[in-house]
Amino acid sequence: MVMKEFKAESKRLLDMMINSIYTHKEIFLRELISNSSDSIDKMYYKDLTDESLTFNRENYFIKVTADKENRILKVCDTGIGMTKEELENNLGTIAKSGSLSFKKENEMKDGYDIIGQFGVGFYSAFMVSDVVTVISKAFGSDKAYKWESEGADGYNIEECEKSCVGTDIILKIKENTEDEKYDEYLDEYSLKSIVKKYSDFIKYPIKMDITEKKLKEGTEDEYEDFIEEKIINSMIPIWRKNKSELTNEDYENFYSEKRYGFDKPLKHIHIKADGMVRYNAILFIPENIPFDYYTKEYEKGLELYSNGVLIMNKCQDLLPDYFSFVKGMVDSEDLSLNISRELLQHDRQLKLIAKNIKNKIKKELLSLLNNERESYDKFYEAFGRQIKYGVYDGYGMNKDFLQDLLMFCSSKDKKMVTLDEYVERMPEEQKYIYYASGETNEKIEKMPQIELVSDKGYEILYFTDDIDEFAVKILMSYKEKEFKSVSSGDLGIESDEKENESDSKENENKEIFEKMKNILENKVKAVRVSKRLKKHPVCLSNEGELSIEMEKILSAMPNNQEVKADKVLEINVNHEVFSSLKDAFENDEEKLKLYTNLLYNQALLIEGLPIDDPVEFSNSMCKIMS
Ligand code: ADP
């Protein structure tokens, strides 16, 4: 028989598993039991909904058996089983492909990181075994197959005998080493406690043969071993339990057991709703961003149960996109078991549940914001972009619902502030909420445009995320205070006196500005006296809705539509450069051209915009120097 090779990525993962020095190897049992439970879910559902089958609850269980002498540990289930193809596809390739390439090689030399970050399902069996054998018979098939592997070299598949549908996982447990006591995984007592610890809430019975000493019949002090099959898990799903009975650890274990994430959840939300709709739910806000979160591959959704029976793995209709990071499950008696996906979308109960859940999540996030700021900061770092996107999405239809969850970095202390906090501490005469857009906070701080606003002592929100300015444009205002970019034409700060002064300067220099505008040939809407510049000679500002920062973002998009912001070239008439300009205007047309183009290009560079002709720019510089 020819041995088959694992796919490259699986092979690497297996290698890591085999040589792993991961300290919680016991989790392999949780992973196997969880797979078994999933496969029973599928069978159970079929059994309940297929009229040709006679349903019998007794048929569903998982059995863990240890044979110390031969170092064999078995996990057997009465689930849906796997066909030959499924054995190949499911066990020959790692399902979570991409998780490996996501991590840099050197970050996971000993396999620790990958296990902690992603979990590894079935392959974790290789952490504790020399040989892994899977014997499976799929529902609807009359043949059974055996899959066997000793590690990264490859695996064999052959036909075999198995009487009932389901899967047996058979592990040849490794010999003890100096650092590792593998015997633990053959010992009845420790196996029992591992099952209790990680898999207590599995809703199917997990059976084990438990040995007890009993008084030998007819004697008074002679004992004999008595073996009895016992169910060792409580089987009550965690969501049916009272919150007061549960500890944080219980929720964390549930989170790992369900593979909602491989981090620890930042927060759990346990809902027991008993009003208009009746449902139980356990929701989690993860601490870390799932590696594929901001990609197209990421699928949002909650597990959906109808009275304890899983009917859908990822019910998308239960979560709005802006809360797509939430993981968890919902169980409701009010949902029919046989409902189809299409009908479910329109189900009134489901809609009510979704609305209810959405409000609960927001409430929880607000409470995090108000009571556990550090956790909220963490949350926002991971998922804030999604919230901002939610504000913008759908022409702002959810903006009122989400605006209190927003935070931005503020010029004050460089800390994240909510809009409410910003508005609360605005000085009375300040009319607007000011913001500045740029690539990084450091770059924003150097922008000439912020001079006037910061000299006034006003706080400025730093927008460094692509979505920021778009979100705020949709919001328009917060608590009746409008948002204002520091680059916008009218900052609403100038005193009347100054206003008049710059107006007269504007008039005085009308001709020169007109001339400059012509030199720049429609590249700018206007050339004007700057009201905001103090130290710098020039800057660009913009008129209209589309800002320069937005222009940059839009033109970086794949199918950009060449949109341009209406730019205004602002000149600081108090700067020495301006007298040279004036001089050139009066005496030397060529020089005025040279200066104007130079200043314009400088302003572009300051904005981080590309200049049209870098060679010409360089030539002009040389001309001035020589
Ligand atoms: P995951 O469970 O995260 O998908 P695993 O590596 O643990 O990844 O399992 C891969 C696949 O193998 C599962 O998705 C499932 O289809 C199949 N599988 C594993 N164990 C069993 C089992 N006991 N019964 C039926 N199918 C199983």
Side-chain angles (χ1 to χ4, degrees), residues 6-7 9-14 16-18 20 27-47 59-65 73-100 111 114-129 132-141 144-149 151-152 155 157 162 164-171 195 198-199 202 204-207 255-262 290-292 297 299 303 310 313-314 327:
F6 287 104
K7 297 265 158 60
E9 211 179 41
S10 311
K11 199 165 157 166
R12 273 177 59 211
L13 185 58
L14 265 175
M16 283 190 304
M17 281 303 141
I18 292 160
S20 165
I27 58 114
F28 83 92
L29 193 57
R30 172 191 79 197
E31 305 282 303
L32 295 183
I33 289 177
S34 171
N35 278 347
S36 287
S37 172
D38 290 349
S39 77
I40 298 180
D41 272 344
K42 290 178 197 153
M43 193 59 229
Y44 196 92
Y45 179 74
K46 253 203 170 57
D47 202 351
N59 290 344
Y60 298 102
F61 62 88
I62 296 160
K63 180 144 185 190
V64 178
T65 328
L73 176 67
K74 284 198 214 173
V75 179
C76 304
D77 65 61
T78 56
I80 199 150
M82 281 177 274
T83 61
K84 187 178 177 197
E85 289 68 37
E86 283 169 336
L87 280 167
E88 290 247 8
N89 294 336
N90 297 344
L91 308 182
T93 13
I94 165 176
K96 288 168 278 293
S97 69
S99 53
L100 270 184
I114 191 92
I115 298 168
Q117 295 272 315
F118 303 104
V120 283
F122 171 73
Y123 283 0
S124 60
F126 284 94
M127 286 196 292
V128 301
S129 349
V132 177
T133 311
V134 181
I135 295 180
S136 196
K137 186 173 185 179
F139 171 73
S141 159
Y145 290 89
K146 181 168 101 176
W147 179 102
E148 193 164 79
S149 170
Y155 59 90
I157 293 190
K162 188 177 188 311
C164 50
V165 169
T167 303
D168 298 346
I169 312 275
I170 302 160
L171 312 179
V195 172
Y198 294 107
S199 310
I202 292 285
Y204 307 106
I206 303 171
K207 298 179 181 176
Y255 183 80
S256 319
E257 190 249 306
K258 281 291 190 179
R259 312 228 182 106
Y260 289 143
F262 302 105
F291 72 93
D292 57 352
E297 273 72 57
E299 258 185 276
E303 282 182 309
L310 183 69
N313 270 324
K314 283 208 164 148
K327 303 279 183 180

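Remember, it's 1-based here, ligands and their atoms both numbered in the order they're listed. Side chains included, hydrogens not; waters and symmetry mates left out as well; all remaining heavy atoms used. This one's a predicted model, so the numbers in the text were calculated from it and none came from an experiment.
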Flag the pair F61 / T78 as yes when at least one side-chain heavy-atom distance between them is below 4.5 Å, and no otherwise. yes

Sub-4.5 Å side-chain heavy-atom contact between I33 and Y198: no

Proximal ligand 1 atoms for [X], defined as those under 4.0 Å from one of its heavy atoms:
X: F122; value: 5 (P), 6 (O), 7 (O)
X: M82; value: 17 (C), 18 (N), 21 (C), 25 (C), 26 (N), 27 (C)
X: G121; value: 7 (O)

So, regarding [X] and ligand 1 (criterion: nitrogen or oxygen to nitrogen or oxygen, under 3.5 Å), is there a contact or not?
X: K42; answer: no
X: N90; answer: yes
X: N35; answer: yes

When you look for heavy atoms under 4.0 Å from ligand 1, do you find them on the side chain of [X], its backbone, both, or neither?
X: R259; answer: side chain
X: D77; answer: side chain
X: T167; answer: side chain

Does K63, at its NZ atom, have more than 12 non-hydrogen atoms belonging to other residues, nucleotides or ligands within less than 6.0 Å? yes

Got a second to check how far E303's CD is from N313's CG, nearest 0.5 Å? 6.0 Å

Derivation and outcome, side chain to side chain donor-acceptor pair (under 3.5 Å), residues D41 and Y204: CA-CA 9 Å; D41 272 344; Y204 307 106; 2.6 Å; yes

When you check the side-chain N and O atoms of E88 and Y155, is any donor under 3.5 Å from an acceptor? yes

Smallest separation among heavy atoms of M43 and F139, with atom names: CE-CD1, 3.4 Å

